[in-house]
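Data first, discussion second: the structure below is written as structure tokens.
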Number of protein chains: 2
Amino acid sequence: MNKSERLFQLVLLLRSRRTAITAEAIAEAMGVSVRTVYRDVQALVLSGVPVEGEPGVGYMIRPANHLPPLVFTPDELQALLVGNRMVQAFTDQDLAKGARSAELKIRSILTEHLKQHAEQQPYRIPILESDDGLREVHGKLRRACEQRHKVRAIYLDEKQEKSERTIWPLGMIGWTGKWTLLAWCELRHAYRNFRFDRFEALDLLEENFRTTSDISIAHYLQSVIGMRDPG
Amino acid sequence: MNKSERLFQLVLLLRSRRTAITAEAIAEAMGVSVRTVYRDVQALVLSGVPVEGEPGVGYMIRPANHLPPLVFTPDELQALLVGNRMVQAFTDQDLAKGARSAELKIRSILTEHLKQHAEQQPYRIPILESDDGLREVHGKLRRACEQRHKVRAIYLDEKQEKSERTIWPLGMIGWTGKWTLLAWCELRHAYRNFRFDRFEALDLLEENFRTTSDISIAHYLQSVIGMRDPG
DNA sequence: GGCACTACTGACAGGTTCTGACAGTAATGT
DNA sequence: ACATTACTGTCAGAACCTGTCAGTAGTGCC
């Protein structure tokens, strides 16, 4: 990525956020040194782009129309289409529906050349009916996470031992070949991970839970795994 | 005026006009050669700025009112973001890069409300360094499919038996937890499927192949699996 | 006041990209 | 066939860019 491309991406990055971002975070996102970020920011300012910064806070862009209309490049388009197809195959029905309609919107703005490019991609991702049950589990759990419903679940562990418990679904982790639910378990008073394919029964309860600083996906990722939550 | 500054100015120039402007006029306005203008225009196009040109007419930026506004619903947005993250985790580096920049473009046009919504989604998809080798295999095979290069491969089957063969990579099939390559095998004179994680070595050959009505992904799906190729 | 930390600027050697000039290609018109 | 126009590819020389490191300024703590 050369400098001019990077400057465009930096404008996009700043425009994509609601909050300020530090030079260090930008450097990491762009794969360059912090010194280069300072230079880039200065280059933007000299070009008239209203970037503002504050020590201890980071950089923001003032909302002004500094972006021309943008269209997707061939690589970007392919990434979107493949990703959408994966969502249709590996998540749930409602999200699949969202993916399909998003794709129609994206296709509506393509040039003829890009449309042809989209026809020639080598990917095929079959949507198997045998995965319908899993898609339903996925949908229930997503709803529970989003709406913060406690869940009453019957779960089989790796030894096929059945347990029944009430859990607070905090987040959905995607791995190669499986999804796991990060939850706070009322039975064990601790975080637990549950594979979607091992739930035998699931009931969303009317009762809601609240995340706290000590019970949240960010807390788990930070203090239990030692990973910063980019989300 | 360096190149990055000039590109910003060129966007402003093109956006300020209702009519096309020739490369020569741009060159004069910018104080550079015509050759450089051609390069600059190409750089803008590669970043996704919809610059269009016609011999004898000149260049314009496609007006925003000729592009339908891209407005996504919360579900559509979530589907796009999750899909993009999966592409980053489970495909190759270049496609991941496309996904990232597509995401920035999408995020940069969101309303404040949708930006907030995007921050609160329950998905986390870790991008593991342990998958870097597989991402490299994925990238090679994608290139081979797209550019129609024959591939010289060393492959381990499910009994760990090693074989070496020349194959024509036709398409990439995504399943839960793994990718397979659909290829025409010169050794067996038949279609064969190869799991990405079982390739021990891969060399893209200079030699190209051509698909025919009897050797193609559509033919395989239709006549071998009995499935219509949605394309 | 001294020290540590944070965010930034200046300088430098080595590396990378960019430029104009020129040759070549493709399309169009006479 | 020839001329013109708009574009692409190549090359040598020029210009710019990068990360590293040292230094500056500001802030907070002891």
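Chain letters run A, B, ... following the sequence lines, proteins first, then strands; residues in each count from 1. Everything numeric in this text was worked out from a predicted model, so none of it was measured.
Where A/Glu24 and A/Met1 each meet DNA chain C at their nearest nucleotide, the meeting point lying more 5' is that of A/Glu24. Mapping A/Tyr38 and B/Ser33 onto DNA chain C by nearest heavy atom places A/Tyr38 at the nucleotide closer to the 5' end.
In this model, no donor atom of one side chain and acceptor atom of the other lie less than 3.5 Å apart for B/Thr180 and B/Arg195.
When rounded to the nearest whole Å, the span between CG of A/Leu7 and P of D/dC16 equals 15 Å. One interatomic measurement links the two molecules: CG of A/Asn2 to C1' of C/dT16, which rounds to 10 Å at whole-angstrom precision. If you measure from atom CZ of B/Arg35 to atom P of C/dC18, you get 12 Å, rounded to the nearest angstrom. Between B/Glu54 atom CD and C/dT28 atom P there is a gap of 11 Å when expressed in whole angstrom units. The nearest whole Å value for the distance from the CD atom in B/Glu5 to the P atom in C/dC18 is 14 Å. Following rounding to the nearest Å, B/Gln42 (CD) and C/dT17 (P) show an atom-to-atom distance of 15 Å. In this structure, B/Met30 places its CE atom 17 Å from C1' of C/dG20, rounding to the nearest Å.
When heavy atoms are screened at a 4.0 angstrom cut-off, B/Gly53 is found touching no nucleic acid atom at all. Heavy atoms of B/Val32 sit under 4.0 angstrom from primed sugar atoms or phosphate atoms, though from no base atom.
For the pair A/Arg6 and D/dT18, the criterion of a side-chain N or O lying under 4.0 Å from OP1 or OP2 is met.
Of the options A/Val45, A/Leu7, A/Ile26, a side-chain contact (heavy atoms from CB on, under 4.5 Å) to A/Asp40 is made by A/Leu7 and by none of the others.
Taking 3.5 Å as the limit, the base of C/dG10 and the side chain of A/Arg39 contain no donor-acceptor pair of atoms between them.
The existence of a salt bridge linking B/Asp94 and B/Lys97 is excluded, since no basic side-chain nitrogen approaches an acidic carboxylate oxygen closer than 4.0 Å. Using a cutoff of 4.0 Å between basic side-chain nitrogens and carboxylate oxygens, A/Glu103 and A/Arg107 are scored as salt-bridged.
Remark: B/Pro74 pairs with B/Leu114, B/His117 by the side-chain contact (heavy atoms from CB on, under 4.5 Å) rule, at least two apart or across chains.
Nearest to the side chain of B/Lys3, among C/dC18, D/dA6, C/dG20, sits C/dC18.
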